Amino acid sequence: MRRTARIFALLAGLLLAACAQRPAPVRFFADGMPARLSEWGVLVSDGRRLSLNDGVLPYDLNTPLFSDYAHKLRTVWMPPGVSAKYDPDNAFDFPVGTVISKTFYFPLPDGGGENRVLRSDPAASSFVAGAIDLRRTRLIETRLLVRREAGWIALPYVWDADQRDATLARIGALVPLQLVDAAGATEEAAYQVPDQNQCASCHNTDNLARRLQPIGLKARHLNRDFDYAAGRANQLTALAAAGYLAGLPPAEQRPRAADARDTSAD
């Protein structure tokens, strides 16, 4: 009897430990502006590793915008039971509760040093096997685009020095950096985190109504493969398989934007 009780106690302890290690699920805030990025639960960081929470799907674009050599990790999350509606030309019609994130970061050069980051090809992602190694990465900012009942809202967050969390920066920020190329040459740079109005201006589709829309989440930009933790797959197919996209047509009917870096493209 005592042995059985000890086994049950051990199992209970293991279950509690497993629950303690699992992060809280993603949380959608229908209003307000949470002061900390961690309150949303989209990204999970312990200061050594940045990973995605359950249900958060990464994606990339055929031709991403160049941003002063910053690398980017893009993600999308939706509440259970809802999905976006496919559109062949425009941004998908996303349901209330959708949270889109874009994290800007730089790999670190050998030797480290305060504010020193590597000037490298942004297409070379540090997101490998579902995570980013923060021992070799400098996180700068994460921008959220959140779909609420009244429409989309943009929220910029700046990462703390220990890279465990990020703080809401409605007025933006200026981050001093020193870009180091492969040959060791350096260049001073002031990375500007946009304020909330600047974030909104890029996504503004109606100046009078101040109506925002996602930019990159269109069929032609997403129609490409991505190296997911479970393997390589087409992004549109993966979104549909996750229940995040309804009405996806067959592969041959999906538009695709060319990769501007592909010199062999038409």
Side-chain angles (χ1 to χ4, degrees), residues 26-27 29 32-53 56 58-61 64-77 98-109 112 114-127 131-147 152-180 187-204 212 214-217:
V26 177
R27 181 181 178 187
F29 290 86
M33 300 180 186
R36 307 292 281 174
L37 180 64
S38 59
E39 296 180 61
W40 295 91
V42 172
L43 305 175
V44 181
S45 172
D46 60 3
R48 299 183 303 274
R49 184 174 182 269
L50 181 74
S51 58
L52 310 183
N53 209 339
V56 178
Y59 69 93
D60 209 343
L61 308 178
L65 180 68
F66 178 78
S67 304
D68 293 341
Y69 296 98
H71 297 230
K72 301 169 189 176
L73 170 61
R74 301 170 176 85
T75 74
V76 61
W77 174 89
T98 301
V99 179
I100 298 169
S101 81
K102 183 161 62 172
T103 299
F104 295 71
Y105 66 90
F106 289 88
L108 295 177
E114 186 177 4
N115 295 329
R116 285 165 56 88
V117 296
L118 193 62
R119 193 181 79 176
S120 60
D121 181 3
S125 175
S126 298
F127 185 70
I132 292 177
D133 184 356
L134 298 182
R135 296 168 298 182
R136 301 191 58 82
T137 308
R138 167 76 183 274
L139 301 176
I140 304 295
E141 60 160 324
T142 293
R143 304 175 191 174
L144 296 187
L145 199 60
V146 181
R147 178 67 167 87
W152 292 92
I153 182 174
L155 299 171
Y157 290 83
V158 176
W159 280 90
D160 301 337
D162 63 6
Q163 306 202 111
R164 292 177 177 271
D165 206 347
T167 303
L168 181 65
R170 295 185 62 190
I171 62 172
L174 201 61
V175 182
L177 296 175
Q178 192 175 59
L179 301 179
V180 183
E187 178 184 359
E188 300 296 328
Y191 181 99
Q192 183 176 358
V193 177
D195 61 38
Q196 193 171 11
N197 289 330
Q198 289 170 322
C199 282
S201 67
C202 284
H203 292 269
N204 195 353
L212 311 185
I215 297 173
L217 286 159

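These numbers come from the heavy atoms of this one structure, side chains and all, not from hydrogens, waters or symmetry mates. Remember, it's a predicted structure, so these values are computed and weren't measured experimentally.
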Subject >> Rounded distance (nearest 0.5 Å) linking atom CE of Met33 with atom CG of Leu144 >> reply: 12.0 Å
Original post:
Is Arg74 salt-bridged to Asp60, going by a charged N under 4.0 Å from an acidic O?
Top reply: yes
Original post:
How many angstroms lie between CG in Leu73 and CZ in Phe104, if you round to the nearest 0.5 Å?
Top reply: 11.0 Å
**OP:** For residues Tyr69 and Ser120, report the shortest heavy-atom separation together with the two atoms involved.
**Re:** CD2-O, 3.5 Å
**OP:** Check Leu61 against Gly216 and note the closest heavy-atom contact, atom names and distance.
**Re:** CD2-O, 3.5 Å
**OP:** Look only at the side chain of Asp160 and the backbone of Gln163, and say whether a donor-acceptor pair between them is shorter than 3.5 Å.
**Re:** no
Original post:
Looking only at heavy atoms, what is the nearest atom pair of Leu212 and Ala154, with distance?
Top reply: CD1-N, 4.2 Å
Original post:
Step by step, would you call Leu155 with Leu168 a side-chain contact (heavy atoms from CB on, under 4.5 Å)?
Top reply: CA-CA 7 Å; Leu155 299 171; Leu168 181 65; 4.1 Å; yes
Original post:
Do Trp159 and Leu37 touch side chain to side chain, with heavy atoms closer than 4.5 Å?
Top reply: yes
Subject >> Distance (rounded to the nearest 0.5 Å) between His71 NE2 and Phe106 CZ >> reply: 7.5 Å
Original post:
Considering only heavy atoms from C-beta outward, does the side chain of Leu177 approach that of Arg138 to under 4.5 Å?
Top reply: yes
Original post:
OG of Ser67 to NZ of Lys102: how many Å apart, nearest 0.5 Å?
Top reply: 6.0 Å
Original post:
Of Val42, Val44, Leu43, which is the lone residue that meets side chain to side chain contact (heavy atoms under 4.5 Å, CB included) with Asn53?
Top reply: Val44
**OP:** Could you tell me which non-hydrogen atom of Glu39 sits nearest to which non-hydrogen atom of Arg27, and how far apart they are?
**Re:** O-CB, 3.8 Å
Original post:
Just one of Val117, Ile140, Asp68 clears the side chain to side chain contact (heavy atoms under 4.5 Å, CB included) bar with Tyr191, so which one?
Top reply: Ile140
**OP:** Looking only at non-hydrogen atoms, find the nearest pair between Pro156 and Asp195 and report the distance.
**Re:** CG-C, 4.3 Å
**OP:** For Tyr105 and Ser126, indicate whether the former's side chain and the latter's backbone hold a donor-acceptor pair under 3.5 Å.
**Re:** yes
**OP:** Indicate whether the side chain of Lys72 and that of Thr103 have a donor and an acceptor atom separated by less than 3.5 Å.
**Re:** no
Subject >> Pair Asp165-Ser45, side-chain donor/acceptor within less than 3.5 Å >> reply: no
**OP:** Output yes when Glu141 and Arg143 qualify as a salt bridge under the 4.0 Å nitrogen-oxygen rule, no when they do not.
**Re:** yes
Original post:
Is the shortest side-chain N to carboxylate O distance from Glu187 to Arg119 below 4.0 Å?
Top reply: yes
Original post:
Just wondering, are more than 12 heavy atoms of other shown residues or ligands nearer than 6.0 Å to CZ in Arg36?
Top reply: yes
Subject >> Least distance between heavy atoms, Val76 atom then Ile100 atom >> reply: CG2-CG1, 4.1 Å
Original post:
Does some side-chain heavy atom of Thr137 sit less than 4.5 Å from a side-chain heavy atom of Leu108?
Top reply: no
**OP:** Say whether Trp77 and Thr98, considering side chains only, have a donor N or O and an acceptor N or O under 3.5 Å apart.
**Re:** no
Original post:
Is there side-chain contact between Tyr59 and Leu217, with at least one heavy-atom pair below 4.5 Å?
Top reply: yes
Original post:
Taking atom CZ of Arg164 and atom CG of Leu139, what is their separation to the nearest 0.5 Å?
Top reply: 12.5 Å
**OP:** Evaluate the ring planes of Trp40 and Phe29, with Trp represented by its six-membered ring, and classify them as parallel (under 30°), tilted (30 to 60°) or perpendicular (over 60°).
**Re:** perpendicular
Original post:
Just checking, is any N or O donor in the side chain of Ser101 or Thr75 under 3.5 Å from an acceptor N or O on the other one?
Top reply: yes
Original post:
Would you call Asp162 and Arg48 a salt bridge, using N to O less than 4.0 angstrom?
Top reply: no
Original post:
Side chains of Val175 and Val193: closer than 4.5 Å at any heavy-atom pair?
Top reply: yes
Subject >> Spacing of Tyr157 atom OH and Thr142 atom OG1 [to the nearest 0.5 Å] >> reply: 10.0 Å
